[in-house]
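One structure is given below, encoded as structure tokens.
Atom set for the values below is all heavy atoms of this structure, side chains included, hydrogens, waters and symmetry mates excluded. Below, read A as the first sequence line, B as the second, and so on, with proteins coming before strands; counting in each chain starts at 1.
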Protein chains: 2
Amino acid sequence: MTDSNDSQESLLALDRQVCFALYSAQLAMSKVYRKLLRELDLTYPQYLVMLVLWEQDGQTVSGIGERLFLDSATLTPLLKRLEGAGLLQRQRSRQDERQVAVVLTEQGHKLREKAEAVPESVMCAAQCSPDELERLRDDLHNLRERLAS
Amino acid sequence: MTDSNDSQESLLALDRQVCFALYSAQLAMSKVYRKLLRELDLTYPQYLVMLVLWEQDGQTVSGIGERLFLDSATLTPLLKRLEGAGLLQRQRSRQDERQVAVVLTEQGHKLREKAEAVPESVMCAAQCSPDELERLRDDLHNLRERLAS
DNA sequence: GCATTTTAGATAGCGCGCGATTAAATCGCA
DNA sequence: TGCGATTTAATCGCGCGCTATCTAAAATGC
């Protein structure tokens with residue numbers, strides 16, 4: 001036989017790894033969103049930024065970054081694309097010229113209405129009970145916290 | 001008040017979303033791996049390919065892809081980098097010239113020893129009981145399956 | 001037996017995510 | 001007050017992950 005039998009016992013076995021399950025679930029999730037968000041002309045990370053801004057408009061780049069666990073190297077070009085799409089404006093703070101406030105445009109606010117339909121479509125695609133999903137969400141928050149410490 | 005109070009009730013609320021929990025946990029996981037895998041000179045997706053090949057050597061590109069849920073557009077350049085690093089070779093099958101078999105080199109096989117230490121380090125970083133992790137893994141497999149269908 | 005269709009892999013281009021560096025503004029403190 | 005340290009954002013380069021497209025080889029159909 002090949003080495004495949006041993007491997008099923010090994011800690012290196014692909015299918016036993018939480019991390020691969022996490023990785024591939026995230027890719028699958030991302031595919032579902034890609035399809036849904038095409039109608040809003042957003043990528044998933046862009047959608048996340050919009051969620052943050054719909055919750056609280058006018059945040060700084062680093063403020064958004066803290067919320068999403070992303071840094072300016074990721075956010076700056078992403079925000080520029082959203083600005084290019086007319087959904088927001090980036091404006092340097094006059095008090096502290098280092099900071100850039102990100103402010104939704106009319107169009108950016110308006111997009112929220114379209115976005116309201118997204119979560120339900122995703123939950124539908126997930127085919128899970130709300131309870132299951134909430135438990136999973138809390139487990140994942142927990143895991144993220146521990147991994148980041 | 002701002003719109004932030006409403007938002008906590010909304011389905012659009014960031015912190016209520018499973019998908020954001022999934023997304024950010026995956027990023028955190030990836031960061032942990034990046035640090036660990038630096039010693040092996042591998043990225044996380046490269047590490048996954050090596051896991052697949054350690055389980056069963058000589059698979060085709062699409063065989064690896066089915067295992068990892070990735071397609072040739074992602075794998076081809078990744079495999080070329082691994083080939084460039086001397087860990088494997090890509091060779092066209094003589095039976096079916098469309099297929100490319102991916103075969104580990106001596107060095108590729110050898111790297112497995114170093115990799116044996118990785119899973120334990122990750123579990124340590126996760127600070128979870130094996131039971132918790134197994135449950136989470138199964139939930140994620142489940143979710144992936146449902147999302148992909 | 002030859003055209004059609006299907007399959008395997010490669011290629012180009014785009015948008016993240018991040019490590020590393022740089023530039024500018026502000027802060028802290030002697 | 002002056003000047004080094006810190007903070008904030010931007011920039012660059014690289015490796016995914018994907019869509020769309022392409023090429024070549026193999027399978028299919030009549």
Between B:Y33 and B:Y47, how do the two ring planes meet: parallel, tilted or perpendicular, split at 30° and 60°?
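B:Y33 and B:Y47: tilted rings.
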
Provide, to the nearest angstrom, the distance between the [atom1] atom belonging to [X] and the [atom2] atom belonging to [N].
X	N	atom1	atom2	result
A:Q99	C:dA25	CD	C1'	10 Å
A:L27	C:dC16	CG	C1'	13 Å
A:Y33	D:dC18	OH	C1'	18 Å
A:K31	D:dG17	NZ	C1'	8 Å
B:Q95	C:dA8	CD	C1'	14 Å
A:L42	C:dG15	CG	C1'	13 Å
A:L70	C:dG19	CG	C1'	15 Å
B:L48	D:dG17	CG	C1'	13 Å

Can you confirm whether [X] sits close enough to [Y] that some side-chain heavy atom of one is under 4.5 Å from a side-chain heavy atom of the other?
X	Y	result
B:V103	B:D57	yes
B:R137	A:F20	no
A:Y23	B:M29	yes

With heavy atoms under 4.0 Å as the rule, sort B:S30 into base, sugar-phosphate or nothing.
nothing

Once hydrogens and angles are ignored, does a donor-acceptor distance under 3.5 Å link the base of D:dT7 to the side chain of A:R98?
yes

Is a side-chain donor or acceptor of A:T74 paired with a backbone partner of A:L70 at a separation under 3.5 angstrom?
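Checking the backbone N and O of A:L70 against the side chain of A:T74, no donor-acceptor pair under 3.5 Å is found.
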
Please check the phosphate of C:dG9 (OP1 and OP2 only) for any side-chain N or O of B:S62 closer than 4.0 Å.
yes

Test salt bridge (Lys or Arg N to Asp or Glu O under 4.0 Å) on A:R16 and B:E134 and set out the steps.
CA-CA 8 Å; A:R16 294 186 55 194; B:E134 280 188 32; 5.4 Å; no

DNA chain C: 5'-proximal contact among A:Q26 and A:E97 (nearest heavy atom)
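Going by which nucleotide is closer to the 5' end, it is A:Q26.
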
5' priority, DNA chain C, between B:D96 and A:Y44 [closest heavy atom]:
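The residue closer to the strand's 5' end, by nearest nucleotide, is B:D96.
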
I'd like to check the side-chain contact (heavy atoms from CB on, under 4.5 Å) partners of B:R92; sequence neighbours left out, ordered by chain and number.
B:V100

Let me have a per-nucleotide readout for nucleotides 10-15 of chain D, 5' to 3', with B, S or -, counting only protein heavy atoms under 4.0 Å.
BBB--S

By nearest nucleotide on DNA chain D, pick out whichever of A:A101 and A:Y23 is the more 5' one.
A:A101

